[in-house]
Amino acid sequence: MRRRSISTATALAVLFSSAALTVTAAGTASAAASVAAPGGMVAHAGLQRVFVADRSGGTITVADWSGALIKKVSGVPGVTGLVLSDDGSTLYAAAEGSHEVVAFDAGSLAVTGRWTIDTTEGPRGIAFTAGKVWFSYGDQWDGNLGSIDPNWTAPEPPVEPTEPPVEPVEPPVEPTEPPVEPPVEPTEPPVEPPVEPTEPPAEPTEPAPAELSTASEEDGPVRMGLSPHGSMWYDPADLDTDPSSPGLLAMGEVGISTGSVSVLDVSSGTPEVVAHHGGNYSLTWGIGDIDLVPGGSQVLINGNKRLSYANGTFADAGGYPVTGYQADVNRDGTVANFVDDTISVYAPNGTQPLRTLSAGGTTADVTWAPDASRLFALVASNGTYTLKAFTGPKLNVPTLTVSAPSKGTIGTKLTVTGKITATVPLPAGVKLSVARIDVSSPSGKALASVTAKADGTFSFTDTPPAGGDVVYRVTYAGDAKHTSVVKSDTVVIPRTSTSLTLNNNGKVYTYGKDVTFTAHLGKTYSNRTVEIWANPFGSDKPNKLLKSGKVNSSGNISAVVDMKRDTTVTAVFKGDAKSAAKTVTSVGYATVSISNSVSGHYKTGYVGSHNYYWFRKTKAPLVSTTMSYYTGRKVRYDVQVYYNGTWYSGGSEYFKLSSTGKITVNMGAAGEAGIKARVRTNYINNSSGDNVNSTTYGSWKYLYFTN
C-alpha cells in the first residue's frame with residue numbers, strides 16, 4: 001500500500017512540541033536507520049528510498065534500499081503516518097503534535113506545504129487517493145474524516161467595471177397643445193438616448209465557511225467533518241488506499257474492542273458509503289490495522305482476517321494461518337504480517353506462508369517495496385527500532401535433504417540420496433549441482449549434476465579417492481519463485497594412522513635459553529610437511545608459527561624456542577589423501593631471571609665456609625631483588641637463623657615487584673651481636689601472582705651481626 005501509518009497498538013506516548021524543520025545528513029559510515037518510536041513507514045520505488053517516521057522525536061528518517069541511513073528531517077511533532085502521492089513526487093506526514101499535515105518534496109525533503117487541522121486530536125491516520133490527502137482526527141466518540149486538496153487555488157476576485165455606467169438623460173416633454181408660435185429650428189443636434197450597460201456588475205462572493213460537511217469548490221483546501229457516519233467513531237480511524245482501486249478509502253475504527261469498518265468512494269471529493277459494518281463483535285474483535293486488498297473487494301484486518309464487501313455488506317472471507325498484529329499488502333496482493341520476531345509472507349488468500357522470515361527482534365512495522373523485491377521491517381534492538389531490508393521476500397524456500405552413508409572406504413563406490421520439496425510447486429525436472437569436498441579438494445570438486453524425480457527424490461553415486469571427512473554438497477540454484485538452497489552430508493572414511501613425535505616434553509630450562517625442539521614424522525602417503533608452533537604461557541602472548549616445511553630425509557624438522565616462559569610447543573601434520581592428520585605437543589618449562597644484592601654492611605668476610613655480610617647490631621640490612629617481570633608478579637623473601645649448628649626458618653613474606661621487576665626490602669636490625677642469618681628471594685609458580693614461569697629459588701645471602 002502507499003500509506004503507512006503506525007497502528008494505535010504500536011504508537012507510544014509522546015511529549016508534543018513545536019520545532020523548526022532541520023535536515024541532518026548521514027556521515028560517511030553506512031549506519032542502519034533507526035527510530036525510537038515508530039510513527040509510520042513508506043517505500044518509494046523510483047527513488048529506492050524508505051521513509052521512516054519517529055513519533056517521539058518528531059523526525060522522518062530517509063534510508064536507502066539496504067536500510068542504511070541517508071539523512072533525517074526534524075520538526076514534525078508527533079508524526080503518526082506517512083503517505084506518498086500517486087505520482088510519488090510528494091511525501092505527506094500527519095503531525096499530530098502540531099495538528100498539521102506537512103508536505104515534502106520526496107526527492108529533497110524540502111517542505112512544499114503545510115495545512116493546519118482544526119482539531120485537538122489528530123491528524124492521525126493518513127492516506128492518498130483521488131488527488132487528495134485523507135486524514136482522520138477527533139477525540140473519543142468524535143472520530144471523523146477530513147481531506148486536503150493539494151492543488152486547491154482560491155477563486156478569482158470579482159471583476160470591477162472599468163468605467164461608471166452612463167447616467168440616463170430625461171426624454172423631452174411632448175407638448176399637449178399645438179404651439180402658438182412656429183417651431184424654432186434646433187441649433188444643436190438632438191440628445192441621443194442613454195447607453196445601457198451590457199452586463200450587470202459582478203456581485204462579491206461569500207467567504208468560505210470555517211468547518212465543512214458538504215463539498216464545494218469554494219470551501220478551501222482543508223475540509224473536515226466528511227465522515228458519512230458523522231462524529232460517532234471512538235478514535236481517529238486507521239486509513240488505507242490502494243493504487244489499483246483509485247477513489248476507494250478503507251476506514252477501521254481503533255481504540256475500542258468492537259471496531260467498525262467502512263469502505264468509502266471518495267472519488268467525487270464527498271465520501272459515499274460502499275460498504276459498512278457497525279462494530280458488534282460479529283466480524284471484528286478490535287481493529288489495530290486495516291488494509292485495502294488489491295484485485296478484489298476485500299479488506300484485511302490486523303494482518304489476518306479477510307472481510308469481503310462485494311455486495312455492499314461485509315462478510316467473513318477467511319484468514320491467514322498465522323495470526324498477525326499488523327500487515328502490509330503489496331499492490332499484487334501479497335501479504336506480509338508479523339507476530340513478535342516472525343514475519344510471514346502469503347500469496348493472496350494463501351493457506352501457508354510463501355516464506356517465513358526471522359526478524360531477530362520484536363517487529364513494530366513492515367512495508368513493501370512496490371515491486372515486491374524487498375520487504376522492510378522495523379525491529380526492536382537495544383531500546384530503538386532498526387530498519388532491516390529483506391531481499392526476495394516472496395520467494396519460497398524449498399526443503400532439501402541429503403543423506404550419505406556415515407562411513408566409507410577409500411576407492412569404494414557409495415550412494416548419496418536426497419529429496420527436494422516446496423510449498424510452492426517446483427518446476428519439472430529440477431537440476432541439482434553436486435560437489436565433493438575432501439582433503440584433496442578443500443574448495444570442492446564439481447561432480448555430475450543430478451535431476452530430481454517428479455516426487456522430488458534424487459540419488460547419485462561416487463567413489464571417494466581420499467579419506468577423512470568427505471562432504472557431499474547439493475545445491476539448488478533457485479528460480480523465479482524459489483530461493484536457492486544448499487544442504488550437505490558427511491562420510492567418514494578412515495585413513496592410515498600417522499606417527500609424529502616431538503622432543504623435550506617436561507624439561508626445565510634456565511631463563512632465556514635457546515632450546516631446539518625437533519619433530520619426527522613417520523611414513524605417510526604423499527604429504528611430508530609439518531608445522532611447529534610455540535604458545536608461551538600467559539594471555540598476552542599469541543600462539544606463533546615458528547616453522548612450516550618438509551621434513552628431511554630422516555623425517556625430522558626442528559625449530560628454536562627462546563625459553564623466557566613456560567611454553568607449549570605443537571607439531572602439526574595436516575594429513576593427506578590416505579594418511580590421517582596428527583598433532584602432538586611438548587611443554588617446556590622456563591625459570592625466571594633472578595638476582596639479589598645486600599647493602600648497609602661494613603665489610604664482608606668468611607665465617608666458616610660461607611662468605612658473610614658483616615653488620616653492626618644496630619644496622620638494618622637492605623636486600624634488593626631484580627626479577628624478570630610479569631604483570632602483578634611478587635617475590636618471596638625467605639629468612640633463616642643459625643642456632644646450635646642448625647638453620648631455622650625465620651618466616652617468609654611476598655612483596656610486589658615494581659614494573660621494572662625491582663624491589664628493596666629493609667630486613668631490620670638484629671639488636672644483639674653474634675647472630676647469624678641468611679636470606680634468599682624466590683619466584684613460586686602461582687603463589688607469586690602468575691603461572692607463566694617455573695618455580696625458581698634465588699641464592700642465599702649470609703648476614704652476620706657484631707657490636
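Not measured: the values here are computed from a predicted model.
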Take D149 and S147 through the side-chain hydrogen bond (donor to acceptor under 3.5 Å, both in side chains) test and state the conclusion after the steps. CA-CA 7 Å; D149 184 353; S147 71; over 6 Å; no

For [X], all residues meeting side chain to side chain contact (heavy atoms under 4.5 Å, CB included), sequence neighbours excluded:
| X | answer |
| --- | --- |
| S267 | D265 |
| D332 | N330, T334, A372, K394 |
| A389 | F376 |

Taking the side chain as C-beta and beyond, is there a heavy-atom pair between [X] and [Y] under 4.5 Å?
| X | Y | value |
| --- | --- | --- |
| Y476 | V430 | yes |
| I290 | L300 | no |
| I60 | L82 | yes |
| L145 | L264 | yes |
| T284 | L307 | yes |
| T356 | V345 | no |
| N337 | V366 | no |
| V485 | T475 | no |

For V299, the option from L248, D291, L292, D240 that meets side chain to side chain contact (heavy atoms under 4.5 Å, CB included):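 Testing each of L248, D291, L292, D240 against V299, the sole residue satisfying side chain to side chain contact (heavy atoms under 4.5 Å, CB included) is L292.
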
Would you check if the side chain of [X] reaches a backbone N or O of [Y] as a donor-acceptor pair within less than 3.5 Å?
| X | Y | result |
| --- | --- | --- |
| D64 | A68 | yes |
| D139 | D142 | no |
| S262 | M251 | no |
| T363 | D365 | no |
| T384 | S381 | yes |
| R374 | W65 | yes |
| S484 | A477 | no |
| H99 | E96 | yes |
| N302 | N304 | no |
| R124 | G122 | no |

Taking the inter-plane angle between the rings of Y309 and F314 on a 0 to 90° scale, is it parallel (under 30°), tilted (30 to 60°) or perpendicular (over 60°)?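 Ring orientation, 0 to 90° scale: tilted.
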
Parallel, tilted or perpendicular: which one describes the rings of W115 and Y92, with boundaries at 30° and 60°?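 W115 and Y92: tilted rings.
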
For the residue pair [X] and [Y], what are the closest heavy atoms and their distance?
| X | Y | answer |
| --- | --- | --- |
| D86 | A130 | OD2-N, 4.4 Å |
| Y346 | P353 | CE2-N, 3.5 Å |
| V397 | T483 | CA-OG1, 3.6 Å |
| L239 | A127 | CB-CB, 4.0 Å |
| T401 | F458 | O-CZ, 3.6 Å |
| I70 | A63 | CD1-C, 3.8 Å |

If you look only at distance, which donor and acceptor atoms sit under 3.5 Å apart when one is on a side chain in residues 31-42 and the other is two or more places apart or in another chain?
none

Gap between atom [atom2] of [Y] and atom [atom1] of [X] - 0.5 Å precision:
| X | Y | atom1 | atom2 | answer |
| --- | --- | --- | --- | --- |
| L426 | D479 | CG | CG | 6.5 Å |
| Y234 | S260 | OH | OG | 13.5 Å |
| I301 | I287 | CD1 | CD1 | 4.5 Å |
| K71 | S108 | NZ | OG | 6.0 Å |

Any carboxylate oxygen within less than 4.0 angstrom of a Lys/Arg side-chain nitrogen, looking at K305 and D316?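 Looking at D316 together with K305, the answer is yes, because their closest N to O distance falls below 4.0 Å.
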
Any donor-acceptor N or O pair under 3.5 Å, side chains T119, E121: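 Side chains of T119 and E121: no pair found under 3.5 Å.
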
Would you tell me whether N151 and T153 have side-chain atoms, one donor and one acceptor, within less than 3.5 Å of each other?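 No, because no side-chain N or O of N151 sits under 3.5 Å from a partner of the opposite role on T153.
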
Give a yes or no on whether N382 atom CG has more than 12 heavy-atom contacts from other residues, nucleotides or ligands under 6.0 Å away.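 For N382, atom CG is not crowded (no more than 12 foreign heavy atoms under 6.0 Å).
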
Within 45° of the ring axis of Y320 and under 6.0 Å from its six-membered ring centre, is that where the NZ or CZ of R306 lies?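 Yes.
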
Pair V261, E253 - check side chain to side chain contact (heavy atoms under 4.5 Å, CB included), show working. CA-CA 6 Å; V261 185; E253 185 180 24; over 6 Å; no

Sequence neighbours left out, what passes side chain to side chain donor-acceptor pair (under 3.5 Å) with K431? Give chain and number order.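 Once residues adjacent in sequence are excluded, the partners of K431 under the side chain to side chain donor-acceptor pair (under 3.5 Å) criterion are T451.
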
Can you list the steps and then say if W233 with N144 is a side chain to side chain contact (heavy atoms under 4.5 Å, CB included)? CA-CA 7 Å; W233 283 35; N144 215 313; over 6 Å; no

Restricting to pairs with a member in residues 244-285, which pass ring pair (Phe, Tyr, Trp, His ring centres under 6.0 Å), not counting sequence neighbours?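 Matches after skipping sequence neighbours: H229-H276, Y281-W285.
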
Apply side chain to side chain contact (heavy atoms under 4.5 Å, CB included) to N396 and K481, showing your working. CA-CA 6 Å; N396 187 234; K481 295 182 179 181; 5.8 Å; no

Does I420 form a side chain to side chain contact (heavy atoms under 4.5 Å, CB included) with T399? I'd like the steps, not just the answer. CA-CA 6 Å; I420 184 168; T399 299; over 6 Å; no

